[in-house]
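What follows is one structure encoded as structure tokens, with my remarks underneath.
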Amino acid sequence: MQQEDNKEATLEALEEIRNIMDRSVRFISLSGWSGIWAGCTALAGSFIAYRWMLNPDFKYIRTAFSEGSINYFDPYITRFIILGIAVFIIAFAGGLFFTWKKAHRQQQQLWSNASRQMLFHMFLPIFAGGIFTVMSVYYGCFMFIVPSCLAFYGLALIGASRHTLSDIRYLGMLDVTLGCASLFLPAFGLLFWATGFGLLHILYGAVMWNKYDK
Amino acid sequence: MSNPIGQLNKIFDSRIRIGIMSALMVNENINFNDLKSLIDVTDGNLASHMKTLVENDYIRVYKGFIGRKTNTTYMITKTGEKAFRAHLDALEKIIQGLN
């Protein structure tokens, strides 16, 4: 009988150790709804961009060399940049909201050792991707925006996966693959964008919701 | 064969100390407030268990500053890591012995 008690206590202690080890390095409150929200926002943004691109004046594939220097205040470029920033802010704010709600429900802190680690590991790929994207715009090579956004975002997710629910690694791998693939089919950039940031996020969010939140 | 229960480390008898050691095993360093919310204990309770672990040279304290606020971080020592691994081995043996 006493042996049974010992076993019970031992299992409990091991469970506790495992739990603390996991929670101290992994930010587990990332909500599935955050992914679904970000994906829907990206799809809506892509649709607006698609409508704008139907305008015959807009040339997506061009280089500064073939067309001469570009005018940075070209109304199309400015509109697309504003749209991109708006989509990012709406997606990020909504994503943060759902994750905050989940953390609240789990009585976990949003700002913890684990979430800081996660953001730290995401920072460098995002920063590098930002530089690549901004410089692509600067040189007027719009066809490199989609590949660099997707590939670096994917790398950031892979980097973060050690410090959150590790399934996000697969989303990262798919985004890196899509980003590289889109280099070969520059005319379909927006389609790759909508798939990588829209559909995949929704799919990922739904799977995560089903696995952890339900 | 010696009884594995005898190999358990008395210092790791408390849930809080086990929590502290577990967190420090997988993190290079961790600060007081993060540990507090992770293990879900009061300041005083955590501090007193910390003291025991520091006295046994299982963990080391680093007092730093972020701006004007003090930022106390903790790190596991080689001794602490060895002791905790031995404790885990003993726990494992207990379970294996009973299966």
Side-chain angles (χ1 to χ4, degrees), chain A residues 1-31 96 99-124 159-169 212, chain B residues 1 3-41 46 49 53 59 66 71-76 80-81 83-99:
Chain A
M1 194 59 217
Q2 209 215 326
Q3 281 209 327
E4 276 303 304
D5 282 353
N6 271 330
K7 189 181 177 183
E8 193 76 3
T10 309
L11 279 174
E12 240 164 65
L14 285 174
E15 184 68 26
E16 176 81 8
I17 291 166
R18 198 193 159 90
N19 186 298
I20 296 257
M21 281 183 170
D22 221 36
R23 266 195 303 138
S24 69
V25 286
R26 282 186 200 282
F27 178 66
I28 53 164
S29 304
L30 211 58
S31 163
L96 195 64
T99 292
W100 171 76
K101 261 180 64 173
K102 184 174 171 186
H104 192 72
R105 205 175 55 235
Q106 292 179 326
Q107 299 187 322
Q108 300 272 323
Q109 284 195 328
L110 209 53
W111 191 243
S112 64
N113 183 58
S115 68
R116 278 198 298 277
Q117 290 279 329
M118 181 184 85
L119 292 177
F120 175 77
H121 283 93
M122 284 183 88
F123 175 75
L124 198 62
S161 66
R162 231 179 73 77
H163 293 286
T164 182
L165 302 170
S166 58
D167 314 68
I168 208 165
R169 179 178 300 134
Y212 299 107
Chain B
M1 200 187 102
N3 186 352
I5 294 172
Q7 293 166 22
L8 287 176
N9 192 332
K10 281 270 179 288
I11 296 166
F12 299 137
D13 253 356
S14 109
R15 183 191 76 89
I16 294 166
R17 285 180 208 156
I18 283 195
I20 297 168
M21 295 303 282
S22 309
L24 289 174
M25 286 288 280
V26 287
N27 288 281
E28 226 172 295
N29 58 63
I30 197 160
N31 71 33
F32 192 84
N33 287 330
D34 284 333
L35 265 178
K36 203 177 76 177
S37 60
L38 204 61
I39 304 171
D40 200 21
V41 277
L46 182 60
H49 284 294
L53 292 173
I59 62 175
I66 295 180
N71 181 41
T72 310
T73 58
Y74 299 89
M75 261 174 111
I76 200 163
E81 211 179 309
F84 195 64
R85 279 191 199 285
H87 185 74
L88 288 180
D89 286 344
L91 288 176
E92 205 176 54
K93 271 186 209 150
I94 291 175
I95 289 183
Q96 280 170 353
L98 287 170
N99 273 342

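Excluded from the calculations below are hydrogen atoms, water molecules and symmetry mates; all remaining heavy atoms, backbone and side chain alike, are included.
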Min side-chain heavy-atom separation [X]-[Y] under 4.5 Å:
| X | Y | value |
| --- | --- | --- |
| A/L119 | A/W111 | yes |
| A/R105 | A/K102 | yes |
| B/M21 | B/I59 | yes |
| A/L110 | A/F27 | yes |
| A/K101 | A/S31 | no |

Less than 4.5 Å to any heavy atom of chain A: does that hold for the side chain of [X], its backbone, both, or neither?
| X | answer |
| --- | --- |
| B/L24 | neither |
| B/I30 | side chain |
| B/N33 | neither |

Under a 4.5 Å cutoff for heavy-atom pairs, which residue among B/L8, B/N31, B/I39, B/L38 has the most contacts with chain A?
B/L38
Who wins among B/R15, B/E92, B/M25 for the most heavy-atom pairs under 4.5 Å with chain A?
B/R15
For A/R116, is it the side chain, the backbone, both or neither that has a heavy atom under 4.5 Å from a heavy atom of chain B?
side chain
